Amino acid sequence: TVMNQLLGMHQVEKEISQYFGIKRCIVVAGNSDNQEKVLYEFGDILTDSLDLLLPDGDNIVAVMGGTTMALTAEHMGTLETEKRHILFVPARGGIGEAMTVQANSVSAVMASRTGGHHRALYVPEQLSLETYNSLLQEPSIQEVLTLIEQSNCVVHSIGRALHMAARRKMSDEEMVMLKQNNAVAESFGYFFDEEGEVVYKIPRIGLQLKDVQKIPNVVAIAGGKTKAKAIRAYMKNAPKQTWLITDEAAANEILKGV
Ligand code: F6P
């Protein structure tokens, strides 16, 4: 029955949040590997979660990019009220994604769906270190970096290490190094092994992993059976305040290894 299914799902959510020692886990029925509707549901759930988490007053929500984030964003609903205001900013600049799934685009879509505002961080891909460093001195960039530092919430996804390295067209040397270090997961431009230890980091401006630890509200969104291993690896050392939004396919696979 539907009731039994709901109770079963509730049990799975509890087991997962206890296993990782995180605040909450929400599981959507289905498998986002091949069901787009699961991703739409992530949008509803993210909206409800932020509605619970974000206090009245001014909020700054830092967001990452990727296809999960982009599709989730498109299905969000209103969050802005007379008392609560939300500014969306990209969490990190230029980590190598196609335009439509860049953090800048995701934050713009989230702002328009929720009724909030957004600021972009313009850092082109593939910069020389010299240009990169001088760009950092730009007041317009400094301003957005300050906003990112002040964020009280971050929403991010989790990907498979080698898949993400290939998507970002990382060099052959980097690929070999990731394999040698048994990288299985990627989030925020950091690569993690199965124990959730950082094995490599793409040096970029914006939020660093140590900053995420201090942000009061952290929401991770990732599903699909193919991502289960990556999700488990990253979540092992995820900040304790994290809420994980995932799907049934990933959740069942994660619990198999417990
Ligand atoms: O590149 C941004 C990012 O959020 C990564 O940190 C993450 O691994 C990836 O996107 C997830 O992408 P997708 O949702 O397309 O699997």
Side-chain angles (χ1 to χ4, degrees), residues 28 31-36 38-43 45-46 61-76 88-110 120-121 123-126 148 151 153-170 174-175 178 183-194 196 198-209 211-212 215 218-235 237-239 242 244-247 249-250 253:
V28 172
N31 181 2
S32 52
D33 281 339
N34 47 35
Q35 295 170 295
E36 210 161 88
V38 175
L39 291 157
Y40 302 165
E41 225 173 299
F42 285 171
I45 293 182
L46 177 63
V61 178
V63 302
M64 289 297 299
T67 56
T68 308
M69 291 294 298
L71 283 165
T72 299
E74 278 175 32
H75 290 83
M76 288 181 76
F88 292 89
V89 291
R92 293 193 87 191
I95 59 171
E97 289 279 30
M99 188 65 172
T100 51
V101 303
Q102 277 172 16
N104 275 330
S105 312
V106 172
S107 71
V109 173
M110 286 194 177
L121 179 65
V123 202
E125 311 285 337
Q126 314 291 350
I148 296 171
S151 56
C153 178
V154 56
V155 184
H156 70 98
S157 189
I158 303 158
R160 288 173 289 153
L162 298 180
H163 178 82
M164 286 312 299
R167 188 160 107 190
R168 294 194 179 124
K169 302 192 175 56
M170 286 168 70
E174 284 173 307
M175 283 295 223
L178 288 173
V184 295
E186 192 280 350
S187 196
F188 297 106
Y190 290 72
F191 289 84
F192 305 83
D193 66 14
E194 269 189 75
V198 175
V199 296
Y200 187 64
K201 167 193 170 179
I202 303 176
R204 286 294 180 279
I205 56 173
L207 272 195
Q208 309 298 316
L209 205 55
D211 305 325
V212 181
I215 296 181
V218 180
V219 184
I221 312 176
K225 190 175 178 183
T226 53
K227 272 195 186 178
K229 203 172 168 185
I231 297 171
R232 180 166 47 214
Y234 170 79
M235 290 308 300
N237 285 329
T242 303
L244 171 65
I245 301 174
T246 187
D247 62 22
E253 197 68 16

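Below, each value reflects all heavy atoms present in this structure, side chains not excepted, and no hydrogens, waters or symmetry copies. Since we're looking at a predicted model, the values are computed, not measured. Numbering of ligands and ligand atoms starts at 1, following listing order. In what follows, residues are counted from 1 in the order of the sequence shown.
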Q: Run the salt bridge (Lys or Arg N to Asp or Glu O under 4.0 Å) test against Glu253 and tell me which residues pass, sequence neighbours left out.
A: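 Glu253 satisfies salt bridge (Lys or Arg N to Asp or Glu O under 4.0 Å) with Lys256 once adjacent residues are dropped.
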Q: Is it true that a side-chain atom of Thr242 and a backbone atom of Val218 form a donor plus acceptor pair closer than 3.5 Å?
A: no
Q: Rounded to the nearest 0.5 Å, how far apart are CZ of Phe192 and CZ of Arg232?
A: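 One gets 16.0 Å once the value is rounded to the nearest 0.5 Å.
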Q: Taking the basic N atoms (NZ, or NE/NH1/NH2) and the acidic carboxylate oxygens, is any pair closer than 4.0 Å for Glu186 and Arg167?
A: no
Q: Is it true that a side-chain atom of Asn104 and a backbone atom of Ala120 form a donor plus acceptor pair closer than 3.5 Å?
A: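 Checking the backbone N and O of Ala120 against the side chain of Asn104, no donor-acceptor pair under 3.5 Å is found.
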Q: At a heavy-atom distance under 4.0 Å, which protein residues reach ligand 1? Sort them by chain and number, would you?
A: Met64, Gly65, Gly66, Thr67, Thr68, Ile95, Glu97, Ser157, Ile158, Gly159, Met164, Arg167, Arg168, Glu186, Ser187, Phe188, Lys227
Q: Mind checking the CG-OG1 spacing from Asp33 to Thr226? Nearest 0.5 Å is all I need.
A: 3.5 Å
